[in-house]
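What follows is one structure encoded as structure tokens, with my remarks underneath.
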Amino acid sequence: MTVNLTDSQRAAVEHVEGPLLVLAGPGSGKTRVITHRISRLLQHGAKPEQILALTFTNKAAREMSERVEKLLGGLRVRVSTFHRFCSRLLRRWPERVGLKENFTILDQSDQTSIVRAILKDLNLDPSVHEPGRVLSRISRARNDMITSEQFRRQYEQRASGPLEAAVYQVFPEYERRVREQNSVDFDDLLLHVVTMLQEEEELRSVLDEQFRYILVDEYQDTNLAQYRIVQAMSQDYRNLCVTGDPDQSIYGWRGARPANITAFERDYPERQVVTLDQNFRSTARIVTCADQLISFNRRPHRGRLVTDNPEGEPVRLRVFEHGDAEANGIALEIRELVESGQRQYSDFAIFYRVNALSRLFETALSRHEIPCQIAAGYSFFERAEVRDLIAWLRLIENQSDNAALERVINRPARGIGNTSMLRLRNFADREKISIFAAAERCAQIPSLSARCCKALLGFTDLINRLHEQSAAGQVAPVLERLIAEIDYLALWREVDDEVDVDREANVYELVSAARQYDSAAEDLLIVGDSSEYTLEHPEKPSLQGFLEMATLSSEADSIDPEKGAVTLMTLHASKGLEFPCVYITGLESGLIPHERAVREGDPSSFEEERRLLFVGITRAMQKLTLTQTSERVFRGMRRTTISSPFLPEIASSLQREFSSSTVRAALPAAGDQRLEQARKRFEAAQQNRERPLLMTGAQLAFQRQQPETDVTDDTTQTHPFEIGMSVRHPRYGRGEVVEVSGGSHRATVTVQFENTGEVHTFVASRCPLQPIGG
DNA sequence: CCGACTACTGTTTTT
DNA sequence: CAGTAGTCGG
């Protein structure tokens, strides 16, 4: 069985007892090693239920469990994402962390609404403190296991920006409200489990014993909470195997700590380390290219990548005029390769940095009648109509789920508007009850009209009836009755009585997902013994189970490499996959690396961008094409692009190809006559306070040569301001920009002036000039 | 209280 | 461009 393994692969497979760290480079056969290792564990007497494999994404979980099942001839071990695993634990022992068994999981839009409501109650302007931003700051803190209390203290110790000021006020209230409605957010799933394991030693040791062999994939992506969870379960039985690659750490922005790898070596001094660095996936040229790129990181985490694979085709860089041409060119090439019989559609993948670019490729491919599957941001479960129905189901399950209630109570409209809701909320606050409970007692709220009251009672009655029905376990009948009773499809019916087919299809798809769930749920579960601490108690299908599935899975999971279609996805989503032919698109400054990563000025986020490109490159098995455009439409504005700074780093392994009509996207050299034209246009535009129609490379160069910019109180530029930039103000003279905030249309700029040392803040209005990128 | 219209603003990546 | 928050007339 282990005949085809290399020495280091075999070392990892044959290691049975004790902690093991596998440093696995891309394409080094990691999954193979893990599955063989599991089989080895079983041979050595481990029971399947003692093995727990934790992954980061559903996709990875599914793939691993399929491969294990195949190798072991149908034997199943527990493979789960962190979030799902935690959800199961909480479902089993909710009272340990003060939850009720029917708790619901909030999605991101619920979280944002809660933050928005809190900001409002605190009289903080949501246009200044953007709810999404506040939320992500809270989430980041919680990922680092910083409590609201600690956050407040930190805030008081060192003066911070206005965002922090809002966050420290919102933070505790956010936690309170989420808890109050018997719900959890994504972070809570992990955090509650950390608390549980910390405070309940008995439970901890039982779980430690139950899961004697724990495997963690993509260990570099674990955050502090995940680290703690794994730690806690690997104290008495230290058979913890983690696999990771610091060079593929691309989730730093989300609290991932690649340093957990180093921590592992510290926590388990007796650990064994195996390095897998031979690449079996890609051609030698692709491997060289990847290796070259990653070596530019301050601390590349490996020796050189090696491979015995043949050299293969050159890695190409194709330059196109604009985004449409890029998408079209790729589509055309794919079509030709398929039509000539050399390739099939499923061989191809197209990667991009931001989801916003997916459309371009989607339309180009469909123009060429090329089938494609998109692992895009808009998952099935995120569509409005599906989320509506899910919110209804959540409320049916958990009547304290205020977030769900707020979403559905007037949808379809039943005459319960803002004012009524305000009164209802007030009553609920006063009585310390949920909004649903308040609605049931609406007769006691004198300010509510009789009509409104009647509507409220109709609503609560419906929920109660459906709740009763849901006790039977089956989800589909509840959902079907709900849709019928609220005549949900009518909501999407146009005036002329035509039904929105897409939405209707989604509704039916949800119903059929529920049916499928109902029939599949029963055989999903592994039956363990029935002691108090058994995790796998046999479970009937339940509304809860269905909701968990709906909330914790995403569209990216449904990507099927065998589907006979070209795959479109973000670079992030590509991790862990491989394709014979890969296009990495938009190799432009501001996109790869992303503008924001550059603006942060933090070398580590810049390096994360480099790792992201590294991940993308190493997905390719045979044919890798990087593409770039000369101009790109962004936010409805056309902008000339600048080449990605990563390209020069791999220049020697690239073969450049320019489309016939392409002008090179680069800054013009000094003395270029285009520079002179640009100067004139720039000045004319400035005088007329107009925006130039098109920013050319020459204009960019021209602006770069103007280090000083005038600042007045009412007119400022937005984007061109960067921290450290020198500016001149008619009244205060020369100064240096110390802070910039705001978006592309409005911004505030804080400047410290040389003469007086004073600091002034300017509110920028719409800028007469185009912002320059980067 | 509802829906239609307008104005404004934003865009990383995801469990 | 496209999503949404906010305003206004019915």
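Reminder, nothing fancy here: chain letters follow the sequence lines and each chain counts from 1.
- Nucleotides B/dT13 and C/dT4 place their P atoms 15 Å apart, quoted to the nearest Å.
- The structure places OG1 of A/T627 at 7.5 Å from CD of A/E588, a figure rounded to the nearest 0.5 Å.
- When the P atom of B/dT14 is taken as reference, atom CG of A/N223 falls 17 Å away, rounded to whole Å.
- The interatomic distance linking A/L357 (CG) with B/dT13 (P) rounds to 9 Å, in whole Å.
- The aromatic rings of A/H572 and A/Y251 sit tilted, their planes meeting at an angle between 30° and 60°.
- Under the 6.0 Å cut-off for aromatic ring centres, A/F606 and A/F646 qualify, their centroids lying closer than that.
- Distance check: A/I138 CD1 to A/N143 CG gives 12.0 Å after rounding to the nearest 0.5 Å.
- Distances from the side chain of A/R116 to the nucleotides B/dT14, B/dT15, C/dA5 place C/dA5 closest.
- One interatomic measurement links the two molecules: CD of A/E595 to P of B/dG10, which rounds to 13 Å at whole-angstrom precision.
- Between A/R611 and A/E608 there is a salt bridge, since a side-chain N of the basic residue sits under 4.0 Å from a carboxylate O of the acidic one.
- Here B/dT15 presents its C1' atom at 12 Å from CD1 of A/I229, a figure rounded to the nearest Å.
- An OP1 or OP2 oxygen of B/dT14 is reached within less than 4.0 angstrom by no side-chain nitrogen or oxygen of A/T57.
- Position along DNA chain B of the nearest nucleotide to A/V354 versus A/F56 favours A/V354 as the more 5'-ward residue.
- For A/E609 and B/dT13, the CD to C1' distance is 8 Å, given to the nearest whole Å.
- Contact annotation: A/N58 does not reach the phosphate of B/dT14 (side-chain N/O to OP1 or OP2, under 4.0 Å).
- The side-chain ring of A/W253 is stacked on the base of B/dT13, judged by centre separation under 5.5 angstrom and plane angle under 30 degrees.
- Remark: P of B/dT15 and CZ of A/R84 are 11 Å apart, rounded to the nearest angstrom.
- Between A/R359 and the phosphate of C/dA2, there is a side-chain N or O to OP1/OP2 separation shorter than 4.0 Å.
- Atom CD in A/Q226 sits about 12 Å away from atom P in B/dT15, given to the nearest Å.
- Rounding to whole angstrom units, CZ of residue A/R611 and P of B/dT13 are separated by 18 Å.
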